[in-house]
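Everything numeric in this text was worked out from a predicted model, so none of it was measured. Chain naming here is simple, since letters A, B, ... match the order of the sequence lines and numbering starts at 1 in each.
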Number of protein chains: 2
Amino acid sequence: MRDVAALAKVSTKTVSRVINGLPGAGAEVVERVRAAARTLGYRPNLAASGLRRSDKRSATIGVLFEDLSNPFDSALLRAVEDRARHNGVLVLAGSSEDDRALQGELLVSLSARRVDGVVVMAAGGHQDALQQERERGTPMVLVDRPPTFGGTDCVTTTNRESSREAVLQLAALGHRDIAYLGDRRTLWTSQERYTGYLEGLAQAGLTLREELVRTDLHGADFAETAATALLDLDRPPTALFTAQNLVTVGAMRVLRARGLQRRIALIGFDDFPLADMLEPGITVVRQDVPGIGRKAAELIFARINGDTSPPVHAVVPAALVRRGSGEIAPSAP
Amino acid sequence: MRDVAALAKVSTKTVSRVINGLPGAGAEVVERVRAAARTLGYRPNLAASGLRRSDKRSATIGVLFEDLSNPFDSALLRAVEDRARHNGVLVLAGSSEDDRALQGELLVSLSARRVDGVVVMAAGGHQDALQQERERGTPMVLVDRPPTFGGTDCVTTTNRESSREAVLQLAALGHRDIAYLGDRRTLWTSQERYTGYLEGLAQAGLTLREELVRTDLHGADFAETAATALLDLDRPPTALFTAQNLVTVGAMRVLRARGLQRRIALIGFDDFPLADMLEPGITVVRQDVPGIGRKAAELIFARINGDTSPPVHAVVPAALVRRGSGEIAPSAP
DNA sequence: TCCTCCTACGTCAACGTTGACGTAACCGAC
DNA sequence: GTCGGTTACGTCAACGTTGACGTAGGAGGA
């Protein structure tokens with residue numbers, strides 16, 4: 001900046017004025033400064049600027065998701081990023097691996113970089129690190145899972161209601177033995193979806209068969225094992241409700257391996273690419289991922305811009321997408 | 001920091017020493033400072049630190065890909081992020097939409113934040129903005145597509161060789177009418193893959209039928225239209241080579257809609273989730289995405305740490321994954 | 001003519017941190 | 001007892017930028 005000032009024969013303050021488009025600089029001077037900046041390849045230093053400015057904005061937000069390579073997470077990131085771009089804000093992104101310690105470290109890193117706010121998919125278990133950061137005044141929005149502490153916005157989907165709806169649809173087709181395959185029980189979403197499953201059973205007048213419930217399936221491999229065990233029961237389920245993406249894929253593989261994909265009904269929570277191209281197409285509960293991302297971004301930017309209204313828990317509705325696998329009636333034994 | 005110093009009754013310099021774990025602070029003082037920092041919830045300001053420090057590192061790198069919600073891009077991001085984390089570095093991520101102007105703006109934003117380096121998937125067309133940034137001294141690694149200017153590392157895959165291999169495999173099965181469906185021709189990868197297609201035809205002693213070549217298919221919908229047109233030819237192809245992800249999906253849909261998925265061979269470039277679950281499984285050229293990401297991260301961190309060896313063009317091999325669709329022999333007319 | 005107001009600049013200090021350097025206290029060796 | 005060396009601090013200025021404030025010169029009005 002000093003070099004630019006020297007070359008344009010003005011003070012650094014005038015360069016600052018020109019760069020920031022502030023009034024108080026004559027047309028000729030503006031031109032000289034612009035030219036000097038161009039020839040020297042000058043780029044303002046946002047860090048120094050933020051240090052001095054009164055608002056102390058870094059024009060950067062943090063995004064901490066579980067795994068940025070997961071389609072759900074990356075679609076969410078993209079939606080947040082789009083909104084951020086419109087506000088001239090860049091995104092610092094990290095994967096927490098659902099590991100509290102790692103999430104805490106990343107949070108400290110973000111804090112050290114003075115991000116204006118963070119959008120977080122909270123790791124399972126206690127949220128002390130999140131709460132602490134929140135209490136230091138960092139604007140924060142949780143996505144997918146709500147906070148266990150107060151005063152913080154969050155955006156989730158209709159986990160319970162949509163799960164109930166899925167189970168009710170299966171029951172309406174005549175299924176009485178509907179299995180539940182779920183992700184880690186520490187996750188709030190898993191609990192909600194399981195609750196929805198129970199509600200669905202109850203509402204359909206079905207009794208819960210404990211042995212048809214398999215949880216803590218961390219990935220497709222675990223889901224395969226669980227699905228295999230279920231099908232080997234004396235009285236196997238005639239329908240499966242898989243409460244997560246990878247679990248659905250694992251269950252599908254087993255059905256397919258046994259040639260049962262047209263005989264046993266399957267509804268999964270979370271859509272995935274090509275679900276419509278399989279035979280049969282996979283009926284899923286589809287979350288409105290861009291909608292969730294948009295809402296989260298809206299909330300965080302509102303807070304950053306000083307919105308002090310009471311915390312919001314936004315619920316973005318999911319929809320049942322019927323493709324065939326969830327419309328299979330129970331076959332005669 | 002001043003508050004911490006005051007509370008611990010030391011100078012700010014001593015606080016700095018304690019925070020950075022530098023020698024020259026007594027055990028008792030260290031404890032006092034730590035306690036004070038904890039009670040005040042002190043977080044060092046990395047921006048200010050970077051401003052003063054001699055090395056001027058921001059411990060942040062930039063990643064500019066085409067679309068962070070694309071599975072290829074997000075897997076790449078994840079691989080880079082993992083490596084970055086090991087170096088205590090955070091990632092500023094952005095989607096350029098293959099738009100030069102947008103990519104340029106994002107690059108300026110990154111530059112203003114003084115990122116230590118950038119990993120870029122160059123937008124099609126001229127790369128003036130990239131070159132300019134590179135010449136300002138920013139360490140840079142291009143992924144997926146090479147630079148059109150010198151002095152810059154890049155990491156790509158075996159586009160040409162693997163495409164040739166795919167075509168040769170089809171030819172070996174007896175196919176003589178092999179169609180090519182490709183992405184935008186401005187993309188270097190598309191050109192390479194097309195060249196590989198031509199080489200494969202030549203090597204198998206087949207002559208190119210121009211009407212079997214369809215390019216500039218920007219997305220699955222365009223691919224569907226093109227595939228439909230190909231199948232409606234008087235002498236339709238007996239095998240398709242689809243040179244990109246979404247193009248493969250579009251072609252698949254058409255084959256499936258016409259019930260030809262077991263009669264017409266298909267090999268796609270780029271793997272995608274569930275390609276193995278379809279019927280038949282889709283034979284693809286699979287890029288080693290984590291390998292590409294790792295290599296790119298390695299290169300950028302080496303450059304950031306002062307490696308001045310000549311620029312490298314790393315080529316990470318792709319592999320043909322046989323799943324059925326690419327092993328269909330031409331059916332009798 | 002003189003005063004006021006505005007415009008177009010410049011000067012200075014401060015943001016939070018650390019490199020360079022200073023200094024007081026203590027240790028061991030001669 | 002003095003000297004060189006080490007340890008444990010502190011002081012000061014600077015990183016690149018901008019807010020607060022100062023000033024010179026010209027326009028405009030009474």
At their closest point, which heavy atom of [X] faces which heavy atom of [Y], and how far apart are they?
X         : Y         : value
Val91(B)  : Glu81(B)  : CG2-CA, 4.1 Å
Leu92(A)  : Thr60(B)  : CD2-CG2, 3.9 Å
Ala129(A) : Leu107(A) : O-CD2, 3.7 Å
Val312(A) : Asp153(A) : N-OD1, 2.7 Å
Ala59(A)  : Gly88(A)  : CB-O, 3.9 Å

Would a distance-only check, ignoring hydrogens and angles, find a side-chain to backbone donor-acceptor pair under 3.5 Å from [X] to [Y]?
X         : Y         : answer
Asp144(A) : Thr156(A) : no
Asp99(B)  : Ala101(B) : yes
Gln103(A) : Met121(A) : yes
Asp98(B)  : Glu66(B)  : no

Can you check nucleotides 4-9 of chain D for protein contacts, nitrogen or oxygen pairs under 3.5 Å, and list what you find?
unit_1: dC9(D); atom_1: OP2; unit_2: Gly26(B); atom_2: N; d: 2.2

Note to self: Under 4.0 Å from a heavy atom of chain A: give me the 5'-most and 3'-most nucleotides of DNA chain C that qualify.
What the structure shows: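 Reading along DNA chain C, I get dA8(C) to dG16(C).
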Margin query: If you assign each of Leu51(B) and Arg53(A) to its closest nucleotide in DNA chain D, which residue comes earlier from the 5' end?
Written below: Leu51(B)
Item checked: Interface residues of residues 37-49 of chain B with DNA chain D (non-hydrogen, below 4.0 angstrom) -> none
Checklist line | Approximate separation, where rounding is to 0.5 Å, of Arg83(B) CZ and Ile61(B) CD1 | finding: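 Answer for the CZ-CD1 pair, Arg83(B) versus Ile61(B), is 12.0 Å.
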